Amino acid sequence: MSWKYIEIPNGETPLFCNAYVTSKTAMNIIVTHTPIVTTLEIQKAYRPFENYPVNVFAFDFSGTGKSGGSKKEFSRESIVKDLDSVITYIETHFSSNIHLYGNTGIGGIFAQYYVTTSSKIKSFAQFSCALYQDTARGMRGTPYLIAKVLSFLLRYLPNVKITLPPPKYQGYRHEEDNAYYEKLTEKYPDIWKTDSRLLLALTECFVATDSVIKTSVTVPTLVFKVLHDRYFSTQYFDDYYQSLTCPKKLVEINGIHNSYFIDSELFCKHVYHWFLKQ
């Protein structure tokens, strides 16, 4: 068995997927990530699933990475459509035993958005999360009113790129955390120039009146709480976890923001055993 690249039908915009298949009857794990690079770039974050009898489907959202489509069409709606297409593909070729792992920051938030719209996901695990309207803690300190204005402006600026480098961090294991970003920047000099449509989708998750984020996840959910995260406070993780009314588990990791990548074996182990129990 080995990783292989497959194309998942998705209307006129086929999705690129990095897949690892054990058997037609195995547990299926979908992996989402922050769509600023292809899924191949962060394969280390989910590669440890090779150690378990599962099928893995790590894909690029439409208009990003190696998938078809235009970045101008990226939206909350396209996120839902993409994941619906991945699930349809898995149900058609494998089974309905499907679980979702949202990691690498925004990938967790977009996965959370989807889970509140679908009854086809058996269970969920996420690193990074969103509390509706809590932009001050969930969007890099952005006050709610500014986030509302930003979401309005971004709707009319489809071709704009906004530079959003990672917040500076000094502390526990900062050398490793910073080195990860330095390598990405060296390989992709424009990686922090964020497309306005991606930023709009993220902002609307928090502030749009029709955002499904305001509805709590209902499927069994595992939440990772990282103790030294440059984006989220430990209290934010706690508050999100407390807001969940579904069967849930909080896993505390004495790590850094990029631990999902650097310590991926630990993360994948927790995710697999959580999914296995559901």
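Quick note: numbers below take in every heavy atom, side chains included, and nothing from hydrogens, waters or symmetry partners. It should be emphasised that the depicted structure is a prediction, and the values quoted were computed from it without experimental measurement.
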Ion pair present between Asp60 and Lys66, side-chain N to carboxylate O less than 4.0 angstrom?
no
Sub-6.0 Å ring centroid separation between Tyr101 and Tyr46:
no
Stepwise ring-ring contact (aromatic ring centres under 6.0 Å, His included) check, Phe49 with Tyr272:
CA-CA 8 Å; Phe49 284 130; Tyr272 169 71; 7.7 Å; no
same_hphob_cluster(Tyr144, Leu202) at 4.5 Å side-chain heavy-atom cutoff
yes
Heavy-atom neighbours of Lys148 NZ exceed 12 at 6.0 Å
yes
Please lay out, stage by stage, how Trp274 and Val251 fare under the test side chain to side chain contact (heavy atoms under 4.5 Å, CB included).
CA-CA 10 Å; Trp274 173 249; Val251 175; over 6 Å; no
Point-to-point distance, once rounded to the nearest 0.5 Å, from CG of Leu199 to CD of Glu204:
10.0 Å
Pair Asn159, Arg197: side-chain N/O donor-acceptor within cut-off below 3.5 Å:
no
Backbone of Leu244 reached by a side-chain donor or acceptor of Lys248 within 3.5 Å
yes
Side-chain donor/acceptor of Tyr113 to backbone N/O of Ile79, under 3.5 Å
no
Can you check whether Arg155 reaches Leu200 side chain to side chain, under 4.5 Å on heavy atoms?
yes
Would you say Tyr52's side chain and Asn55's backbone share a donor-acceptor pair under 3.5 angstrom?
no
Taking the ring centre of each residue, are Phe57 and Phe59 less than 6.0 Å apart?
no
is_close_aromatic(Phe127, Phe232), centroid dist under 6.0 Å:
no
Per side-chain contact (heavy atoms from CB on, under 4.5 Å), Ser96 is matched among Lys120, Lys122, Glu91 by Glu91
Could you tell me whether the side chain of Ser2 reaches within less than 4.5 Å of the side chain of Tyr20, counting heavy atoms only?
no
Taken to the nearest 0.5 Å, the spacing of Trp3 CH2 from Cys17 SG works out to 8.5 Å
If the threshold is 4.0 Å, N to carboxylate O, is there a salt bridge linking Lys183 and Glu186?
no
Look at the rings of Tyr89 and Phe94 and say which category their plane angle falls in: under 30° parallel, 30 to 60° tilted, over 60° perpendicular.
tilted
Check the pair Met27, Leu276 against side chain to side chain contact (heavy atoms under 4.5 Å, CB included), reporting the backbone distance first and the verdict last.
CA-CA 8 Å; Met27 173 197 299; Leu276 190 62; 4.1 Å; yes
Interatomic distance, CD1@Ile8 vs CG@Leu15, rounded to 0.5 Å, equals 6.0 Å
Tell me whether Arg76 is salt-bridged to Asp210, with the criterion being a basic N under 4.0 Å from an acidic carboxylate O.
yes
Should Val212 and Met139 be counted in the same cluster of Ile, Leu, Val, Met, Phe, Trp and Tyr side chains packed under 4.5 Å apart?
yes
Less than 4.5 Å apart, any side-chain heavy atom of Arg173 and any of Asp263?
yes
State plainly whether one hydrophobic cluster holds both Tyr188 and Ile106, where clusters connect Ile, Leu, Val, Met, Phe, Trp and Tyr through side-chain heavy atoms under 4.5 angstrom apart.
yes
Does any part of the side chain of Thr32, heavy atoms only, come nearer than 4.5 Å to the side chain of Leu83, both counted from C-beta?
yes
Is the side chain of Ser196 donor-acceptor paired with the backbone N or O of Leu157 at a distance under 3.5 Å, no angle test?
yes
Do the side chain of Gln43 and the main chain of Thr39 share a donor and acceptor less than 3.5 angstrom apart?
no
Would you sort out whether Val217 and Tyr240 count as a side chain to side chain contact (heavy atoms under 4.5 Å, CB included), showing the intermediate values?
CA-CA 11 Å; Val217 176; Tyr240 172 73; 3.9 Å; yes
Expected output: side-chain Ser233 to main-chain Tyr236 donor-acceptor under 3.5 Å:
yes
Hey, are the side chains of Gln112 and Ile213 touching, using non-hydrogen atoms and a 4.5 Å cut-off?
yes
Check whether more than 12 heavy atoms from other residues, nucleotides or ligands sit under 6.0 Å from atom CD of Glu77, and answer yes or no.
yes
Just so I know, are the side chains of Arg140 and Leu164 near enough to count as touching, which here means a heavy-atom distance under 4.5 Å?
yes
Give the cluster check for Val80 versus Val219: same hydrophobic cluster or not, with ILVMFWY residues linked at side-chain heavy-atom distances below 4.5 Å.
yes
Leu227 side chain near Tyr172 side chain, heavy-atom distance below 4.5 Å:
no
Side chains of Phe275 and Pro220: does their closest heavy-atom pair fall under 4.5 Å?
no
Test Thr203 against every option in Leu150, Thr135, Leu198 by the side-chain contact (heavy atoms from CB on, under 4.5 Å) rule and name the one that passes.
Leu150
Mind listing the closest non-hydrogen atom pair of Tyr169 and Asn178 along with its distance?
O-ND2, 3.2 Å
Within a radius of less than 6.0 Å around CD of Glu265, do more than 12 heavy atoms belonging to other residues, nucleotides or ligands occur?
no
Is there a donor-acceptor pair closer than 3.5 Å between any side-chain N or O of Thr38 and the backbone N or O of Glu41?
no
Ring centroids only, cut at 6.0 angstrom: are Trp192 and Tyr181 within range, meaning strictly under it?
yes
Say whether Ile29 and Tyr5 are linked into one hydrophobic cluster, either directly or through other cluster members, by side-chain heavy-atom distances under 4.5 angstrom.
no
Report yes if the distance between the aromatic ring centroids of Phe224 and Tyr260 is under 6.0 Å, otherwise no.
no
Exam field: side chain Ser118 to backbone Tyr114, donor-acceptor pair closer than 3.5 Å
no
To the nearest 0.5 Å, what is the distance between CZ (Phe110) and NE2 (His33)?
11.0 Å
When you measure from the side chain of Arg230 to the backbone N and O of Pro167, does any donor-acceptor pair fall under 3.5 Å?
yes
Do the side chain of Lys225 and the main chain of Asp238 share a donor and acceptor less than 3.5 angstrom apart?
no
Residue Lys44 excluded, over 12 heavy atoms near NZ under 6.0 Å
yes
Before accepting this row, confirm whether a basic side-chain N of the pair Lys81/Asp84 lies closer than 4.0 Å to the acidic partner's carboxylate O.
no
